[in-house]
Structure formats: C-alpha cells, structure tokens
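Before any comments, here is the structure.
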Amino acid sequence: MAWGRRKSGGRKEPLFGLQAALADLRLSPEDRIPAATDDDDKPKKPVPKRKPDEDDDERPPRERKPRAARGGAKRRAKSRGGLRFGRLIYWGAVLGLWAAIAIIGVVIWVGAHLPAIQSLEIPKRPPTIQITGVDGSLLASRGEMAGTNVALKDLPPYLPKAFIAIEDRRFYSHYGIDPIGIARAAVANVLHRGVSQGGSTLTQQLAKNLFLTQERTIARKLQEVELALWLERKHSKNEILELYLNRVYFGSGAYGVEAAAQRYFGKSAKNVTVAEAAMLAGLVKSPSRLAPNRNPEGAEARAGIVLAAMAESKFISAAQAKASIGHPSYKVKPAGAGTVNYVADWIGEVLDDLVGQIDQSIVVETTIDPKLQSVAEAAIIDELAAKSVKFNVTQGALVAMTPEGAVRAMVGGRNYADSQYNRAVTAKRQPGSAFKPFIYLTAIEGGLTPETIRQDAPLDLKGWKPENYTHEYFGAVTLTQALAMSLNTVAVRVGLEVGPKNVVRTAHRLGISSKLEANPSIALGTSEVSVIELVGAYAPFANGGLGVSPHVVTKIRTNEGKVLYMRQPDQLSQVIGPRHVAMMNTMMQETLLSGTARKAEIPGWMAAGKTGTSQDFRDAWFIGYTANLVTGVWLGNDDNSPTRKATGGGLPVEVWTRFMRTAHQGVAVASLPNSQRGGFLSNLFQTASQASAAPNPSAPAPQGGSHRPPPARTSAPPPNPSARPEAAAGLDGWLVDRLFGR
C-alpha cells in the first residue's frame, strides 16, 4: 500500500479516530486482485514494490491484459491441431488399406472370369457363315476372306509404323497400358462432349480381338487391361505387333493385313505403297463405315489423317505424306446393293441366341425364297425410282411371310450399299389406320358384329378432335363400312367403348411386342411398331386364328454336316376364335373390294388387308394377306419428315400388288380360313355384288366351293355429293369416288 501526503495551501482541520486513520489510505494497481485464470496454480514472480508517488492519485488506473488466458488458448489450439492431423493420418491409412483390399479383390475377380488364353500363340480365324435359301442356293456369305499370316520382318517398315502413328504412338514405351494416352483421350472427350478419341493401346486392342467380345462394359475393360499386361509380360513388342496386324479386322470380311491388301488392292501386304498402308491403318477405327469399296471418299479422308500422323511422328517426311495423299490403287468392285444382305444381317443377330458363340464355319438354312426376294427388291426399288421425287418418299421396306410365320422375303431399304439400317426389323414407325383391325377385333370379341351401327360424327375429347381424312362425316355406319373406309371418328368411339387397355392386350396377344400407349389415340395407330411384328400380328387372320412367331432360320449345320440347330415345329395356340376370324376376314376383304385398297387385287384369290397413313403423311402402310402369304409394305423417310401426301392406298398398295401377283403365279388357289359370304353379311355383299360386274372369265377356277373370285371393278355414274350415302356398299363407293375417283 502507499501512504502519502499532499501539500496544500489551505487550512486543514485535524481528524481523529478511525476517520483519521483511513484518510490517507490509497490502493495501487498492484493491490487489486486479478481475475481467476488457468494459471492461478502456477507460481508467480514477486512484484517489486514501487515508491510512493505524489501523483498516484491523479493517474488513471492501467488496463491489465489477460496474458495468461491468451497463452492458454494458443496451447489448446495447438493441441487440437495435432489431434486432427493424427486422426487424418489414421483414417487415411484405414481407407488406403481398404482400397488396396478392394483393388486386389477386383483383380482376383476379373482374373477368375478371364477366358482361356492357352491358344494365344495359334491365332484362330473367325468362322465363315454361309446362308442358303429355301431351295438350297447360296444367298450370302459372312466371315473372313482367306489370308495367310505375314511376319513383321517381311512387311515394308512404313506399314506397321502407320498403325503405331494413328493408334498408339507410345507403343514401344508403355507396358500395355498408357496412362498418358488415357488422360489425353479423356481430356479430348470432355472438350468435345463425346467420344472423340480412344485410350486403348495396340496391346489392349489385340487382347480384345483375341479373347473378348465387343461389348462396352466395365468388366470387359478390366479384363482387357489384365490381358494386355499378361501379353506384355509374355511376348515382345514386335511379337505383339505382328499378332495384331494378322488379327485386326479391316471390313468386308477381311481379317489381317494380308487379306485386306488382297481384298482392296489386289496385292500382297508386302507390296503395298505408303498411301495404301495409310488407308489400311485408317480402316481399324471403323472398318464397316470406311471400307474403300463402300466409302472411297471416307477411306481417303481417313488415310490423309494417318499420313499426317506418320509425318508428325517422323516415320515419313512431310514431302512423302503430301505426295501420297489421294494415291491408293483400288482393284476391287463396289459392294453389291442386294437387299438379301438385310436378311443376312438379321440372321447374324439371332445366331448367338440359337447356337451361342460361333467357333467353326457353318451353313445356315433359311426360309427365304430367292425368287420372291428378287421380286420384292424390284418392287420396292422400281416404285421408289419412279415416284420418290413426286411424293418425297426416300425409303421403303417389305416383309412377306407364310401364315405360319416363315419369312419368304425381306427388304430393309432401297439400297444396302447406301444404308445397312434395316427398316423392316429395327425401325419402328406409327402404323396409322393399319392398327385399326385390333380395335375392331376387340369390339367383335366383346359382342359387336360387322353390321353393328355406330355414328360417324365430330368428336371432342378434352380438346382433341379426331377427324376423317376428308373432314366429312356420314352419320350412322356399320363397323364394316367404318373399317373399309378408315373412318377415324368411329374407330376412336369403338376404341373408347371397348377400352384402350383391352385393345393393347389384343394387339400383344396377336404378336405386337412393342410398347403400346393405352390412350384414346391408339385407335389411330399412334404407338410405333416394326414392319415384321405388324405383319406377324396379321398372320392369325390368314391361318384361322393361330398366333405365330416370325422366323427365318430352319437349320444350322457345320460344313461337315453336324447339325447344331434344328427348328422344331411351333406349338401354335389359338389367339382368335374361328367365328371372330371369319368376321374380321369378311370385314377386311371389303377394304380391297370397295375401300381404301381397291387397287390391291390378285386375280382368282381371296385377299384382305388394311391401309394405314400416319399423321402428316409421314408413314404409308398396307398389310394384306391371302391364305398363301401375309405381306406388309411401308414407305416413308428415315428422318420422319412428311411425304407429299403419300397414303397407304397409293404407293404401298402398288408395291404389294406387284409383289403378290407374281408370288401367287402357279400356286394353287386357297380360300381364307372361315371366310363367309352369306349369313349376317348377306345384304352387305349382295349390295356390293350388284355394283360390280361379272367375274373375270380368264381367272383360274378356285378350289373349294366356298370361294369365288372377287368381282371386277366397273365405273359408275358420279354420285350426288350433297346426298348422304346409303348403308353398306353405297358409302364405300361414294367415299372412294371422293378420295380416289373412278
């Protein structure tokens, strides 16, 4: 404590007692008790006493800093940081250990699923597949062109270097896997927002070609990596390169550089030029698309890229690259445009399901009739050649099968060399009114009859207003009239009456496999289907109501005669009752007699069918059948663009008629099963007969008393456009006159 006195000029009265004792008492900062801290228990340094100062009373008290608290926080933060770092190291080690275990597990799993690799040193050539017709004649061949293995030392040095330059520049510096190449490809693909480069090495490609399939899965890629590492360990770089050159596929059935050189240039691979070597190396990326006999412009453009890569890699000089551009010597004929190749491709797709992986040359016997195939091809090509410009139609497809489902002819496009896309099997398009038989069959099975009356009048379903083709309405009509003249409002009404879900069940029961939307518009064929499945779904009408499975392969055998597959007779089930088949056949015959397919006529034969035109004339269909063949025709454009009012009753009917007339020449006439010409439809057909002339006397006599040739067409006086047509044939004749004229 400090005691002090102050000098004063004034009088100071004396104080006595306790008041006098405390008068000069003062507290210095050192006398104050500091706040309690964590360091209270630690020994403190003694505070030196300060001499009393006369000015102590006038000095403001000093602010004391919490030194002990600040030092403790730093130590605690340091302690927590060390703890976190230790935990980070611990969990990093744990995760690393589990990652290593997972990687080892994946490697073991992939290795356990690898194919046998004992036969690597003896490369096995892919098998040859010969496809024969129903008469035993050769239709097409699939497989390799004969070519011997060539040693790397016998090839010109620039040939293998061309492959290295374009496919794997770091081939001699990596060990089967190229991380730099993978990273470069990944960056390029991200920048281009798609697959623009591949990161596979030549060793990986060889591993895939030798042992693996072409499927794009992570498991297959991991197997490829392990096999590439195995190849690098077991073989030298030159051995791997030699195996690769003798096994890679070059298109047109050519495997290996020797076969490819013979196929495209008519010479041995030992004698190819720099330009030809570049073209061969360029084919590996897409052999089918860049084959010079099919796409010479694309092959030359790709060869130019390879030459630039070779010059950049210093394998050839820039002058050599410039001089070689555009100088390969072709000695091959362009690939044929035969549409039977669509059949061969389809067979190639189903072989794996029938006999599994092919490891030997085989012969595939089919149901295809070579004569009918030629007729179908000519019908499609000639019709498009004559009218494709007028109607803006660029493509067509045709499928003809027996009522039991055996495909006799298939055309997947107008020119196989231009496009290998199979529009008969792969493409799916809206069938339009060709789907309506499933609507009316559902109604017939629900208790209606072909003579049931329904209203043809405007319809509004929550803003959707289906209209007839002519935008005209005829009031009360029979179901037969509505189907024959393809009246949309009646089809929609009947579809709603029986229920869209029931219509979908009916279509699937008859053979439609595509997904169908159960909504009111299904009555107008808005759900997409393929040609082959729609034709197959019509087959029960031609065979008495039995469901079929369209098929083309009957037998598969080896060249030595060992049978690998034999198609067993189908156990066909009844999918339509005989009575309902009779009703539907009678209704669909009227489509050819007085409906939208009046041009479809086969002398002496009873035929039935249905036309179809999708919205905006994008697709034109006709599916028609006899007791001998069920044939469907589709015409349209690949880009789904509208045609110039090409309807199902126009071009498709013309193609169908040309094909079917030829197909039925010399064939014994047969009636459609359960077909009726009397009974509940007697009045209808009596009216139709009165409007027709006598039968053609030159037509061959039918077999069986229940059938008679369809009546010949005759012209009629123009109808009164203001009068509503009579029932039965009167409506058909009137509307046909309005749509097509006489």
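Hydrogens, waters and symmetry mates play no part in the numbers below; they use all other heavy atoms, side chains included.
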Flag side-chain contact, heavy atom, 4.5 Å: R429 against V531 = no
ask   = Quick one: does W634's side chain have a donor or acceptor within less than 3.5 Å of a partner on S530's backbone?
value = no
inquiry  = With a 4.0 Å cut-off on N to O distance, would you call K387 and E383 a salt bridge?
reply    = yes
ask   = Looking only at atom types and distance, does a side-chain atom of D460 sit under 3.5 Å from a main-chain N or O of G463, one as donor and one as acceptor?
value = yes
key: Flag, side chain of N341 to backbone of A140, donor-acceptor distance under 3.5 Å   = no
remark   = In short, V343 meets Q373 closest at the heavy-atom pair CG2-OE1, 4.1 Å
request  = State whether the side chain of R454 and the backbone N or O of A491 hold a donor-acceptor pair below 3.5 Å, judged by distance alone.
outcome  = no
key: salt bridge (Lys or Arg N to Asp or Glu O under 4.0 Å) partners of K645, counting only residues at least two apart   = none
Candidate pair R509 and E445, rule salt bridge (charged side-chain N to carboxylate O under 4.0 Å, His left out), full reasoning = CA-CA 13 Å; R509 188 176 79 237; E445 292 176 336; 2.6 Å; yes
inquiry  = Donor-acceptor check, side chain of H508 to backbone of S514, threshold 3.5 angstrom: yes or no?
reply    = yes
request  = Verify the distance criterion only: is there a donor paired with an acceptor across the side chains of S641 and D639 at less than 3.5 Å?
outcome  = yes
query = Within a strict 4.5 Å, meaning less than it, do heavy atoms of the Y342 and R423 side chains meet?
reply = yes
inquiry  = Using a 6.0 Å cut-off, check whether atom CD of E467 has over 12 heavy atoms from anything other than its own residue.
reply    = yes
task = Spell out, as yes or no, whether a donor-acceptor pair under 3.5 Å connects the side chain of Q395 to the backbone of D638.
result = no
ask   = Between the side chain of T394 and the main-chain N/O of N637, is any donor-acceptor distance below 3.5 Å?
value = no
key: Donor-acceptor under 3.5 Å (T339 side chain, V411 main chain)   = no
note = Residue pairs meeting salt bridge (charged side-chain N to carboxylate O under 4.0 Å, His left out), one or both in residues 516-525, sequence neighbours left out, come to K515-E517
request  = May I ask you to test the E497-L448 pair for a side-chain heavy-atom distance under 4.5 Å?
outcome  = yes
message = Looking only at side-chain N and O atoms, does T442 offer a donor or acceptor that is under 3.5 Å from a partner on T506?
response = yes
key: With sequence neighbours excluded, residues passing ring-ring contact (aromatic ring centres under 6.0 Å, His included) with H664   = W605
task = Please identify each residue that fulfils salt bridge (Lys or Arg N to Asp or Glu O under 4.0 Å) with D382, with sequence neighbours left out.
result = R658
note = Residues at least two apart in sequence or cross-chain that pass side chain to side chain contact (heavy atoms under 4.5 Å, CB included) with S374, listed by chain then number, are none
remark   = Nearest heavy-atom contact between G632 and I623 is CA-CD1, 3.5 Å
Taking every non-hydrogen atom, the tightest pair across F541 and V581 = O-CG1, 3.8 Å
ask   = Parallel, tilted or perpendicular: which describes the rings of Y538 and Y625, with under 30° parallel and over 60° perpendicular?
value = perpendicular
query = Do you know the tightest heavy-atom contact between P652 and T647?
reply = CD-O, 3.3 Å
request  = Using a 4.5 Å cut-off on heavy atoms from C-beta on, say whether the side chain of T591 contacts that of T596.
outcome  = yes
ask   = Who are the ring-ring contact (aromatic ring centres under 6.0 Å, His included) partners of F435, not counting sequence neighbours?
value = F438
ask   = Roughly how far apart are L479 CG and T452 OG1, rounded to 0.5 Å?
value = 5.0 Å
query = Would you say R493's side chain and A457's backbone share a donor-acceptor pair under 3.5 angstrom?
reply = yes
task = Mark yes or no for whether D616, through its side chain, and R618, through its backbone, hold a donor-acceptor pair below 3.5 Å.
result = no
